[in-house]
K.L.:
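Can you keep this structure in mind? I'll have questions shortly.
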Amino acid sequence: PERIPEAENFSFCLLLKLARSPVHTLPMRSPDVTKAPVTKSEQLLKLDGHDFTMRPGFGGPAIPVGVDVQLESLDTISEVDMDFTMTLYLRHYWKDERLSFPSNTNQSMTFDGRLVKKIWVPDIFFVHSKRSFIHDTTTENVMLRVHPDGKVLYSLRVTVTAMCNMDLSHFPLDTQTCSLEIESYAYTDDDLMLYWKRGNKSLQTDEKISLSQFLIREFHTTTKLAFYSSTGWYNRLYINFTLRRHIFFFLLQTYFPATLMVMLSWVSFWIDRRAVPARVPLGITTVLTMSTIITGVNASMPRVSYIKAVDIYLWVSFVFVFLSVIEYAAVNYLSTLQERKERMQSNRQLPCTCGMTHPGQMMMSNSYSDMDMMTTGNYGMSCYVSVHVCVQNNPCRQN
């Protein structure tokens, strides 16, 4: 047979060897775990096919966003900080056709807060709020519900502390009106129109809501336009509520003790004016007690520059107590003057021996014995006190 060339023989042997060796597969590349896979819900809502940084219907008329609120609790009312704290469920309603999806059953889809970060939502904030937060126990209290036609319900549970300007001139007989104001931060009324979803029925309250110091009289909603010189006009929603203060607490803690202190200061009027150790401590004690009551009331109130109704009552009571102390000082002084006048009048009525050069000389005269000095000593002293009266009498002047 014809010999096979060496090159062809080598290639044949190599192919035969590879055919007899086991087959090795190439390793597969591991998926990138840093890239989150697109879920079925996101594919159904077509999130990747739209720019959700823009509002729905950008370039067209303003998108209407309805709002309703369910008030869960009204926690605290602070006169010192002039604010209030409440917890509420804030719900937004709008339509975004970019989120519409086909559905045979016309059922909505509900999501938690993770999808909220991937779509457009209204940028609502609380005007004049000091602190606010979304509850996150056990998970973030946020709910998003999307309907097949693109209608969206966005609900969240919020606790907010907002400012409330109070007029305390009638305290504690005052009535306060506070407001929680809701507004869009970036979108003017040309881009976003805020409105109450069901008018006055958009605010729902729990019948069990109560405060220890106030009586909640009414809740109502209003809508106004707010103007900012640098940005324009914005729709603003108001939740107004009126509070009337309970008076019974202040009757027990302030008015009754002050009244009793005034009545206690009047007790000194029936005590003998010569009983100084009894009247002075009573007056000082009532004054100090009234000072303590006034300090305690003002410590729980803001430092306002006007006079409150409780200040008038307490300071009038303090003046009554203080005048009772001044009354005793005046009575004591006037009675001292009266006693001094009576003593001088009694001294003028004593007999005077004319012809004596001086009562002292009479007492030192040698014509009196020691017994005579003891007998006539008082008379000599009386004449010594009344010497001025004797000098003024005409008979004495003749001697």
Side-chain angles (χ1 to χ4, degrees), residues 74-85 130-131 161-178 210-217 241-340:
L74 186 58
D75 303 326
T76 58
I77 307 292
S78 176
E79 294 87 359
V80 177
D81 299 327
M82 287 202 174
D83 57 19
F84 64 92
T85 302
K130 297 181 179 180
R131 296 174 299 274
T161 301
M163 182 178 64
C164 179
N165 294 322
M166 301 182 185
D167 183 12
L168 301 174
S169 58
H170 296 89
F171 177 87
L173 305 173
D174 56 332
T175 299
Q176 304 296 337
T177 300
C178 300
S210 62
L211 295 171
S212 59
Q213 193 175 152
F214 291 92
L215 173 64
I216 303 176
R217 299 183 61 178
F241 54 96
T242 304
L243 306 172
R244 184 169 61 85
R245 196 182 304 273
H246 294 300
I247 187 61
F248 188 71
F249 171 81
F250 298 95
L251 289 177
L252 293 179
Q253 299 294 325
T254 304
Y255 286 94
F256 285 166
T259 304
L260 292 178
M261 287 301 104
V262 174
M263 297 175 64
L264 183 61
S265 65
W266 294 345
V267 176
S268 62
F269 299 156
W270 284 270
I271 300 178
D272 188 5
R273 58 183 175 82
R274 290 183 293 271
V276 178
R279 297 193 64 170
V280 172
L282 180 60
I284 295 177
T285 301
T286 53
V287 169
L288 294 179
T289 304
M290 284 301 306
S291 301
T292 304
I293 294 174
I294 295 175
T295 303
V297 171
N298 292 329
S300 60
M301 299 297 297
R303 298 179 180 179
V304 294
S305 58
Y306 50 84
I307 299 177
K308 302 182 291 293
V310 68
D311 294 336
I312 297 175
Y313 185 87
L314 291 179
W315 279 104
V316 169
S317 300
F318 182 83
V319 169
F320 276 113
V321 172
F322 183 76
L323 289 179
S324 67
V325 179
I326 300 300
E327 181 270 343
Y328 173 67
V331 168
N332 191 19
Y333 176 73
L334 294 177
S335 61
T336 302
L337 292 180
Q338 183 66 24
E339 291 177 356
R340 187 178 301 174

K.L.:
Are there more than 12 heavy atoms of other residues, nucleotides or ligands under 6.0 Å from atom CZ of Arg273?
P.N.:
yes
K.L.:
Working to the nearest 0.5 Å, report the span between CG of Leu211 and CG of Asp75.
P.N.:
8.5 Å
K.L.:
Measuring from Ser212:OG to Ile77:CD1, what's the distance to the nearest 0.5 Å?
P.N.:
10.0 Å
K.L.:
Would you find a donor on one side and an acceptor on the other, under 3.5 Å apart, between the side chain of Arg279 and the backbone of Ser268?
P.N.:
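Yes; judged by distance alone, with no hydrogens or angles, the pair exists.
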K.L.:
Rounded to the nearest 0.5 Å, what separation is found between the OG1 atom of Thr76 and the CD atom of Gln213?
P.N.:
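Answer for the OG1-CD pair, Thr76 versus Gln213, is 11.0 Å.
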K.L.:
Which atoms form the tightest heavy-atom contact between Lys130 and Asp81, and what is the distance?
P.N.:
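Nearest heavy atoms, Lys130 then Asp81: NZ-O, 2.8 Å.
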K.L.:
In terms of relative ring orientation, are Phe318 and Trp315 parallel, tilted or perpendicular, with 30° and 60° separating the classes?
P.N.:
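Aromatic pair Phe318/Trp315 classed perpendicular.
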K.L.:
Taking only residues two or more places apart in sequence, or in another chain, which ones meet Thr161 in a side chain to side chain donor-acceptor pair (under 3.5 Å)?
P.N.:
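Side chain to side chain donor-acceptor pair (under 3.5 Å) list for Thr161, sorted by chain: Thr85.
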K.L.:
Considering only heavy atoms from C-beta outward, does the side chain of Arg340 approach that of Thr336 to under 4.5 Å?
P.N.:
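Contact flag for Arg340/Thr336 side chains = yes.
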K.L.:
Residues two or more places apart in sequence or in another chain: which of them pass salt bridge (charged side-chain N to carboxylate O under 4.0 Å, His left out) with Arg303?
P.N.:
none
K.L.:
Heavy atoms only: give me the nearest Asn298-Lys308 pair and the separation to one decimal.
P.N.:
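Here Asn298 and Lys308 meet closest at OD1-NZ, 4.1 Å.
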K.L.:
What donor-acceptor contacts under 3.5 angstrom involve side-chain atoms of residues 249-265, with partners at least two apart or in another chain?
P.N.:
from, atom 1, to, atom 2, distance (Å)
Thr259, OG1, Tyr255, O, 2.8
Thr259, OG1, Tyr313, OH, 2.4
Ser265, OG, Val262, O, 2.5

K.L.:
Of all heavy-atom pairs between Arg245 and Leu168, which one has the smallest distance, and what is that distance?
P.N.:
NH2-CD2, 4.0 Å
K.L.:
What do you reckon, is NE2 of His246 surrounded by more than 12 foreign heavy atoms closer than 6.0 Å?
P.N.:
yes
K.L.:
Show the numbers, then the answer: is there a side chain to side chain contact (heavy atoms under 4.5 Å, CB included) between Thr175 and Leu243?
P.N.:
CA-CA 6 Å; Thr175 299; Leu243 306 172; over 6 Å; no
K.L.:
Please table the atom pairs, donor to acceptor, closer than 3.5 Å between any side-chain atom in residues 282-289 and protein atoms at least two apart or in another chain.
P.N.:
from, atom 1, to, atom 2, distance (Å)
Thr285, OG1, Pro281, O, 2.7
Thr286, OG1, Leu282, O, 3.2
Thr286, OG1, Gly283, O, 2.7
Thr289, OG1, Thr285, O, 2.7

K.L.:
What are the two closest heavy atoms between Met290 and Leu314, and how far apart are they?
P.N.:
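Where Met290 meets Leu314 most closely, the heavy atoms are CE-O, 3.6 Å.
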K.L.:
What's the separation between atom CD in Gln176 and atom CZ in Phe171, rounded to the nearest 0.5 Å?
P.N.:
9.5 Å
K.L.:
Compare every heavy atom of Met166 with every heavy atom of Met82, then report the nearest pair and how far apart it is.
P.N.:
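Nearest heavy atoms, Met82 then Met166: CE-O, 3.6 Å.
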K.L.:
So how far is it from Asp311 CG to Met301 CE, rounded to the nearest 0.5 Å?
P.N.:
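Reported value, rounded in 0.5 Å steps: 8.0 Å.
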K.L.:
What is the distance from atom CZ of Arg244 to atom CG of Leu215, rounded to the nearest 0.5 Å?
P.N.:
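Arg244 CZ to Leu215 CG: 5.0 Å, rounded to 0.5 Å.
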K.L.:
To check you understand the geometry: which heavy-atom pair defines the closest contact between Ala278 and Ile271, and what is its length?
P.N.:
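In this case the closest contact between Ala278 and Ile271 is CB-CG2, 4.2 Å.
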K.L.:
Who are the salt bridge (charged side-chain N to carboxylate O under 4.0 Å, His left out) partners of Arg131, not counting sequence neighbours?
P.N.:
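For Arg131, no residue satisfies salt bridge (charged side-chain N to carboxylate O under 4.0 Å, His left out) once neighbours in sequence are set aside.
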K.L.:
Does Tyr306 OH have over 12 foreign heavy atoms under 6.0 Å away?
P.N.:
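Yes, the 6.0 Å shell around OH holds more than 12 heavy atoms from other groups.
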K.L.:
Name all residues meeting the ring-ring contact (aromatic ring centres under 6.0 Å, His included) criterion together with Phe84; count only those two or more places apart in sequence or in a different chain, and write none if there are none.
P.N.:
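In terms of ring-ring contact (aromatic ring centres under 6.0 Å, His included), with neighbours along the sequence ignored, Phe84 is linked to Phe241.
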